[in-house]
Amino acid sequence: MTRELTIALAKGRILDETLPLLARAGIEATDDLATSRKLVFATNHKNIKLVLIRSADVATYVQYGAADLGIAGKDVLLEHGGEGLYERLDLKIAPCRLMTAGFAERSLPRTRLKVATKYPRITRQFFLDQGRQVELIKLYGSMELAPVVGLADIIVDLVDTGSTLKANGLTPLDHIMDISSRLIINRASLKMKNQPIRELVDKIEAAVE
Ligand code: PRP
C-alpha cells in the first residue's frame, strides 16, 4: 500500500491558521508557504507533501484525487457540492459567517431582488427556502462593490470582523450560516491509503482539540 499523501491547502486567510494547526499535528513544510512562489512543498515527513491552491479549487483537487486530503472552508465545500469527498473534521479554524448585506437605509425591491455573490448555489437555495425569486449575479471577489455601484441590491458574502462591509457603507442583514474550515478526504484515497490517512487524521484531530 502506498503511503504517499498530498494535502491541498487554501491560499489566503485560512492558511494563517492552517499552518500552526498542521505544526501542532507535527507536519511542517520545509519552505515558508506564506512567502514562497512554489506551489508544491515537501514536509518534515517523507511521505507527505503540500500543494497550495485557491480555496475554491481545493475541493476539486480532492474530488479528482490529485490531492488525497484538503483543508477548505465550509462555504466552498457547499458551493462545490461534495462529490467524491468525505468531510472528516471540523477544524474550527477561520470561523466567520455567511450573510446577506446591503444598505440599511434602503428598502429592497419586493420582486426580482438582484443578489451578487460568489456563492450562487448556496444563495439560490437560501432564497428558494424563503420562497423568494432572485436574480443572481456571479462575481469572483470584492462583492461589497456591487451594491455601491448599483450592480446588485444586496450581496451574499463572508463576514468576519465586519470591517469590509462597514468601510463600504453596508450593513449585515440575514445570517445564512456559520462557516469554519474542514478537513476533506478523497473517497478512493480513503480506501487505498486507509492506514496512513487514519494516522494523519488522528494527529490533526488531536491538534484541533
Ligand atoms: C473576505 C470576504 C469579505 C471579507 C470579510 O474576503 O469576501 O470581503 O473577507 O472580512 P471582514 O468582515 O473581517 O472585513 P477575503 O479577504 O477572504 O478575500 P476575497 O475577496 O478573495 O474573498
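Remember, predicted model here, so these are calculated numbers, not experimental data. As the structure lists them, so they are numbered: ligands from 1, and atoms in each ligand from 1.
With distances taken over non-hydrogen atoms, the option nearest atom 7 (O) of ligand 1 out of Leu158, Asp157, Asp75 is Asp157. When Ser142, Ser163, Ala10 are checked for heavy-atom proximity to atom 20 (O) of ligand 1, Ser142 turns out nearest.
Distance check: Asp178 CG to Lys74 NZ gives 12.0 Å after rounding to the nearest 0.5 Å.
At a distance under 4.0 Å, no protein heavy atom can be found next to atom 18 (O) of ligand 1.
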Exercise. Start with the C-alpha gap between Val51 and Ile7, add the side-chain angles, then the distance that decides, and say whether side-chain contact (heavy atoms from CB on, under 4.5 Å) holds.
Key: CA-CA 6 Å; Val51 293; Ile7 311 175; over 6 Å; no

Practice problem: Take Asp57 and Thr60 through the test side chain to side chain donor-acceptor pair (under 3.5 Å) and record every step on the way to the result. | Solution: CA-CA 5 Å; Asp57 293 332; Thr60 305; 5.0 Å; no

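The ligand atoms of ligand 1 that sit less than 4.0 angstrom from a heavy atom of Thr164 are 4 (C), 5 (C), 8 (O), 10 (O), 11 (P), 14 (O). Near Thr161, meaning under 4.0 Å from one of its heavy atoms, ligand 1 places the atoms 11 (P), 12 (O), 13 (O), 14 (O). For ligand 1 and Glu144, the ligand atoms under 4.0 Å from any heavy atom of the residue are 3 (C), 8 (O). Those atoms of ligand 1 that come under 4.0 Å of a heavy atom in Val159, given as number and element, are 12 (O). Taking every non-hydrogen atom of Lys118 and a distance limit under 4.0 Å, the qualifying atoms of ligand 1 come out as 19 (P), 21 (O), 22 (O).
In this structure, Met143 does not count as a contact residue of ligand 1, since none of its heavy atoms falls inside 4.0 Å of the ligand. Lys166 does not count as a contact of ligand 1, since none of its heavy atoms falls under 4.0 Å from the ligand. Using 4.0 Å as the threshold, Gly12 has no heavy atom nearer than that to any atom of ligand 1.
By the 3.5 Å distance cut-off applied to N or O atoms, Gly162 is counted among the residues near ligand 1.
Salt-bridge annotation for Asp90 and Arg182: present, with a side-chain N of the basic residue lying under 4.0 Å from a carboxylate O of the acidic one. Residues Glu135 and Arg112 are paired through a salt bridge, judged by an N-O separation under 4.0 Å between the basic side chain and the carboxylate. A salt bridge is absent between Glu79 and Lys118; no separation between the charged side-chain nitrogens and carboxylate oxygens falls under 4.0 Å. Using a cut-off of 4.0 Å between Lys/Arg side-chain N and Asp/Glu carboxylate O, Glu4 and Lys46 are scored as not salt-bridged. One finds a salt bridge joining Glu199 and Arg3 here, because a Lys/Arg side-chain nitrogen approaches an Asp/Glu carboxylate oxygen to under 4.0 Å.
At most 12 heavy atoms of other shown residues, nucleotides or ligands fall within 6.0 angstrom of atom OH in Tyr61.
With respect to atom 10 (O) of ligand 1, the closest heavy atom belonging to the protein is Arg13 NH2, 3.5 Å.
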